[in-house]
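The next block holds one structure in the form of structure tokens; read it before the comments.
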Amino acid sequence: MKLIHTFIFFILIFSLLLSPLCIASSEPTTSTDNETIKVFNTDLYLGGQDIVVNDAVNGNVFASGSTVTIKGEILGDIFVIAKSLTIDETATIHGNVFAFANDITINGKVNYDVYFLGQDFELADSGYINRDIRIFAANIKLYGSIKKDAFLFVDSVLMAENAEDIIGGNLYYTSTQESTFPEKAIIGSVKFTQYQGRTTTTGEIIAKYVKQFISNISLALVIILFAVFLAPKFTEKVNYALMKRPFVSAGIGILAIVFLPVLAFFLLFTGYLTALALVIAVLYGLILAASLAIFSLALAKSFADKWNITSKGKLILIAFLCSIVLWIVKLLPTLGTYVSLFIAVVGLGMFLTSFIKVKEKN
């Protein structure tokens, strides 16, 4: 479980690196006969479509892209989220590898541990890992060398028939069925744990949705009650943002949903504004959680104005019904995904727009 928590932590960190990004400083260079090699005496942050790191980095590497290829020497750790990650034969990673990708191929050298969560993992013939590997993957191919232990959660493990000294320590693996390995491939012992998947019953599925419904709708109702009784002007403002300024609200929401996590991430790593980064991150999460209630409240106010309803009780009832209908629509296949995203973006935009003062024309 500790390993799972570690992966979840790094996945959350990786999710903040999705926007195109390339930041570095302190870049002395060294020349060779064929090319000039940059030396980064700092952490390196990279984002884009296809990323190649040819340089020496005296620090950590944070990379997010479709494909990421490491060819240089990294003195720290690498943190990668990508469709495909390749550690080239020329690469040496002196720290750990933390990767979340569809597939990873290691041809080079890793001096510490490898943590991977994805579909396919391959340690090529030339690949060398000086310590442990901890892998959650469907398919694993091991042809290179692992100096210490291997901890695997896997569907299948493949080694060459005549493989020798692949794993220098022990192999601990969890799978649906036990595998056989070449006699000399594993120096230590092998411990197998069978994973037995279970089919979720109809009752469990219903219970899950009921629990989600009660949780989400209860939160929406609390926010609606608070807004109607304690912040009536907020109700007017979000209604105005939705009905009179929908494109502005959507635009602000799109910018905020991308910009705020990035801002919080950079503030977190300044070392001086960590508290502010945490405040921004918490507020961001709270507003997104409240987006269903905000959107429902704005719709309810529109209906109330159209039907000349002035009663707070009826306004609350309409908002409550709107939140139920929207929650159900969010469950629909395909359409529900777009509706959820739309509500989150526009809800965030309406909340922020409500703080902008606007003078209406007579």
Side-chain angles (χ1 to χ4, degrees), residues 6-30 32 35-118 120-124 126-137 144 261-271 277:
T6 301
F7 270 118
I8 292 173
F9 171 78
F10 286 110
I11 291 170
L12 292 175
I13 294 296
F14 287 146
S15 67
L16 301 178
L17 300 173
L18 293 178
S19 57
L21 178 66
C22 181
I23 300 176
S25 59
S26 304
E27 305 176 13
T29 60
T30 58
T32 65
E35 60 181 348
T36 299
I37 300 176
K38 293 182 179 179
V39 179
F40 294 92
N41 289 311
T42 183
D43 291 344
L44 189 63
Y45 301 85
L46 302 167
Q49 185 67 19
D50 299 307
I51 298 170
V52 179
V53 181
N54 292 301
D55 311 309
V57 180
N58 185 16
N60 301 315
V61 173
F62 299 83
S64 172
S66 178
T67 63
V68 175
T69 303
I70 308 294
K71 293 185 176 182
E73 183 175 9
I74 314 299
L75 271 66
D77 301 328
I78 66 170
F79 303 84
V80 176
I81 179 169
K83 181 179 180 181
S84 180
L85 168 63
T86 301
I87 298 177
D88 197 72
E89 288 186 21
T90 59
T92 299
I93 314 297
H94 290 280
N96 300 291
V97 173
F98 299 95
F100 178 59
N102 182 70
D103 59 86
I104 178 175
T105 302
I106 299 178
N107 297 297
K109 182 178 181 180
V110 179
N111 281 332
Y112 227 72
D113 298 335
V114 174
Y115 299 83
F116 174 70
L117 175 61
D120 300 306
F121 176 91
E122 180 176 350
L123 178 65
S126 59
Y128 176 83
I129 298 171
N130 196 41
R131 283 177 56 89
D132 301 333
I133 63 170
R134 300 175 185 271
I135 309 298
F136 289 77
V262 175
L263 175 62
F265 175 77
F266 282 114
L267 292 177
L268 181 65
F269 277 85
T270 61

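Note that the numbering runs from 1 along the sequence shown for the chain.
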For the [atom1] atom of [X] and the [atom2] atom of [Y], what is their distance to the nearest 0.5 Å?
{"X": "Leu44", "Y": "Asn58", "atom1": "CG", "atom2": "CG", "result": "12.0 Å"}
{"X": "Phe121", "Y": "Thr105", "atom1": "CZ", "atom2": "OG1", "result": "9.0 Å"}
{"X": "Thr92", "Y": "Ile70", "atom1": "OG1", "atom2": "CD1", "result": "12.0 Å"}
{"X": "Ile93", "Y": "Asn130", "atom1": "CD1", "atom2": "CG", "result": "13.0 Å"}
{"X": "Ile135", "Y": "Ile104", "atom1": "CD1", "atom2": "CD1", "result": "7.0 Å"}
{"X": "Phe136", "Y": "Phe100", "atom1": "CZ", "atom2": "CZ", "result": "12.5 Å"}

With sequence neighbours excluded, tell me which residues meet side-chain hydrogen bond (donor to acceptor under 3.5 Å, both in side chains) with Thr90.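 If we apply the side-chain hydrogen bond (donor to acceptor under 3.5 Å, both in side chains) test to Thr90, skipping adjacent residues, the hits are Asp88.
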
Which is it for Ile78 and Val53 under the side-chain contact (heavy atoms from CB on, under 4.5 Å) test, yes or no, and what are the steps along the way? CA-CA 11 Å; Ile78 66 170; Val53 181; over 6 Å; no

Is the backbone N or O of Asp77 less than 3.5 Å from a side-chain atom of Asn60, with the two atoms forming a donor-acceptor pair by type?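 Yes, the answer is positive, given that a donor and an acceptor are paired below the 3.5 Å cut-off.
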
Is a side-chain N or O of Ser64 found less than 3.5 angstrom from the main chain of Gly47, in a donor-acceptor match?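 A pair under 3.5 Å: no.
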
Can you confirm whether Tyr112 is buried at OH, in the sense that more than 12 heavy atoms of other residues, nucleotides or ligands lie under 6.0 Å from that atom?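 No, OH of Tyr112 has 12 or fewer neighbouring heavy atoms, counting only those of other groups under 6.0 Å.
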
Closest approach of [X] to [Y] (non-hydrogen atoms, all atoms of both residues):
{"X": "Arg134", "Y": "Tyr115", "value": "CD-CE2, 3.3 Å"}
{"X": "Ala82", "Y": "Val68", "value": "CB-CG2, 3.7 Å"}
{"X": "Ser126", "Y": "Glu89", "value": "OG-CG, 3.4 Å"}
{"X": "Asn111", "Y": "His94", "value": "ND2-ND1, 2.9 Å"}

Parallel, tilted or perpendicular: which describes the rings of Phe265 and Tyr45, with under 30° parallel and over 60° perpendicular?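 Ring orientation, 0 to 90° scale: perpendicular.
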
Using the side chain to side chain contact (heavy atoms under 4.5 Å, CB included) rule, pick out the option among Asp132, Ile87, Ile133 that qualifies with Val114.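 Only one of Asp132, Ile87, Ile133 forms a side chain to side chain contact (heavy atoms under 4.5 Å, CB included) with Val114, namely Ile133.
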
By the definition side chain to side chain contact (heavy atoms under 4.5 Å, CB included), identify the one residue from Val110, Asp113, Ile74 that meets it with Val97.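 It is Val110; the other options fail the test.
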
Find out whether Thr86 and Asn107 are in side-chain contact, i.e. whether some heavy atom of one side chain is under 4.5 Å from a heavy atom of the other.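 Yes, their side chains come closer than 4.5 Å.
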
Could you tell me if the side chain of Leu85 sits less than 4.5 Å from the side chain of Phe116, heavy atoms only?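 With C-beta onward as the side chain, the pair stays apart.
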
Tell me, please, which residues at least two apart from Ala277 pass side-chain contact (heavy atoms from CB on, under 4.5 Å).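 With sequence neighbours excluded, Ala277 shows a side-chain contact (heavy atoms from CB on, under 4.5 Å) to Leu267, Leu268, given in chain and number order.
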
